[in-house]
J.: 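Before anything else, here's the structure in question.
Since the model is a prediction, treat every value here as computed from it, not as a measurement. Heavy atoms only: backbone and side chains are in, while hydrogens, waters and symmetry mates are out.
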Amino acid sequence: RKADRDGAAVSAPSRRLVDLAQVIRSKNAGPLHLTLDIMFPDAATYGIAVQSPALSRAAIAALYAVDPATVEVIPFAAANAIKVVMDRPV
């Protein structure tokens with residue numbers, strides 16, 4: 001986090017994933033799993049996204065109403081991409 005002149009925390013402006021990512025796609029990974037592939041145009045944009053709490057296991061689990069233990073967030077810096085694998089909500 002950044003700080004102002006008095007040392008108080010200043011949050012960065014929020015950005016929407018759809019504005020950062022070049023590709024966002026979901027795929028069926030068999031009958032029990034769902035995957036999300038999120039690809040970014042460059043390393044700088046990838047770096048912003050990979051540090052975002054919005055792409056944490058807990059945040060994704062809450063969005064999809066699944067147990068956080070069933071969510072895996074896999075950053076892949078070489079491809080400027082993040083893969084999310086989770087149990088399919090049933």
Side-chain angles (χ1 to χ4, degrees):
R1 289 192 138 200
K2 294 181 180 179
D4 66 10
R5 289 185 295 151
D6 299 321
V10 176
S11 60
S14 62
R15 296 181 176 158
R16 298 179 328 155
L17 183 60
V18 70
D19 295 331
L20 294 175
Q22 208 167 32
V23 174
I24 303 172
R25 65 180 172 215
S26 64
K27 292 180 175 180
N28 293 323
L32 303 177
H33 300 288
L34 174 69
T35 64
L36 302 174
D37 295 324
I38 309 165
M39 298 170 212
F40 301 92
D42 53 48
T45 308
Y46 165 80
I48 292 167
V50 80
Q51 293 178 21
S52 173
L55 291 177
S56 70
R57 176 188 299 236
I60 292 169
L63 285 171
Y64 283 87
V66 297
D67 182 348
T70 68
V71 176
E72 188 173 359
V73 179
I74 307 162
F76 189 51
N80 297 322
I82 299 170
K83 179 179 282 288
V84 178
V85 181
M86 71 186 94
D87 285 355
R88 178 185 297 287
V90 271

J.: Under a 4.5 Å cut-off applied to non-hydrogen side-chain atoms, are Leu55 and Ile38 in contact?
T.: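 Touching, per the 4.5 Å side-chain cut-off.
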J.: Using every non-hydrogen atom in the two residues, find where Ser26 and Leu36 come nearest and quote the distance to one decimal.
T.: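 The pair with the smallest heavy-atom distance is CB-CD2, 3.6 Å.
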J.: If only atom types and distance count, is the side chain of Asp67 paired as donor or acceptor with the main-chain N or O of Ala69 below 3.5 Å?
T.: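 At least one qualifying donor-acceptor pair exists.
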J.: Ala54 and Ile60: which non-hydrogen atoms are nearest, and at how many Å?
T.: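 Of all heavy-atom pairs spanning Ala54 and Ile60, the closest is O-CG1, 4.1 Å.
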J.: Looking only at heavy atoms, which two atoms of Arg88 and Pro31 are closest? And how far apart?
T.: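 Answer, listing the atom of Arg88 first, then Pro31: NE-O, 3.4 Å.
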J.: Of all the heavy-atom pairs spanning Ile24 and Val18, show the shortest one and how long it is.
T.: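 Nearest pair, atom of Ile24 first, then Val18: CD1-CA, 4.0 Å.
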J.: If you compare all heavy atoms of Phe76 against all heavy atoms of Tyr46, which two are closest, and at what distance to 0.1 Å?
T.: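 Heavy atoms only, the tightest pair is N-OH, 3.5 Å.
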J.: A side-chain contact here means heavy atoms from C-beta on lying under 4.5 Å apart; do Val71 and Val66 qualify?
T.: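 Sidechains of Val66 and Val71: in contact.
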J.: Nearest 0.5 Å, please: how far is CG in Leu34 from CG in Asp87?
T.: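 It comes to 10.0 Å.
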J.: How far apart are the C-alpha atoms of Arg15 and Ile48, what are their side-chain angles, what is the distance that settles it, and do they pass the side-chain contact (heavy atoms from CB on, under 4.5 Å) test?
T.: CA-CA 9 Å; Arg15 296 181 176 158; Ile48 292 167; 2.9 Å; yes
J.: Going through the distances and angles, do Phe40 and Leu17 end up as a side-chain contact (heavy atoms from CB on, under 4.5 Å)?
T.: CA-CA 10 Å; Phe40 301 92; Leu17 183 60; 3.9 Å; yes
J.: List the steps and the verdict of side-chain contact (heavy atoms from CB on, under 4.5 Å) for Ile82 and Asp37.
T.: CA-CA 6 Å; Ile82 299 170; Asp37 295 324; over 6 Å; no
J.: Please round to the nearest 0.5 Å and tell me the distance separating atom CD of Glu72 and atom NE2 of His33.
T.: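 One finds 10.0 Å between CD of Glu72 and NE2 of His33.
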J.: Could you walk me through whether Met86 and Tyr64 pass the side-chain contact (heavy atoms from CB on, under 4.5 Å) check?
T.: CA-CA 9 Å; Met86 71 186 94; Tyr64 283 87; 3.7 Å; yes
J.: Does either side chain, that of Asp42 or that of Thr45, offer a donor lying less than 3.5 Å from an acceptor on the other one?
T.: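 Side chains of Asp42 and Thr45: pair found under 3.5 Å.
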J.: Compare every heavy atom of Pro53 with every heavy atom of Ala59, then report the nearest pair and how far apart it is.
T.: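 So the two residues come closest at CB-O, 3.4 Å.
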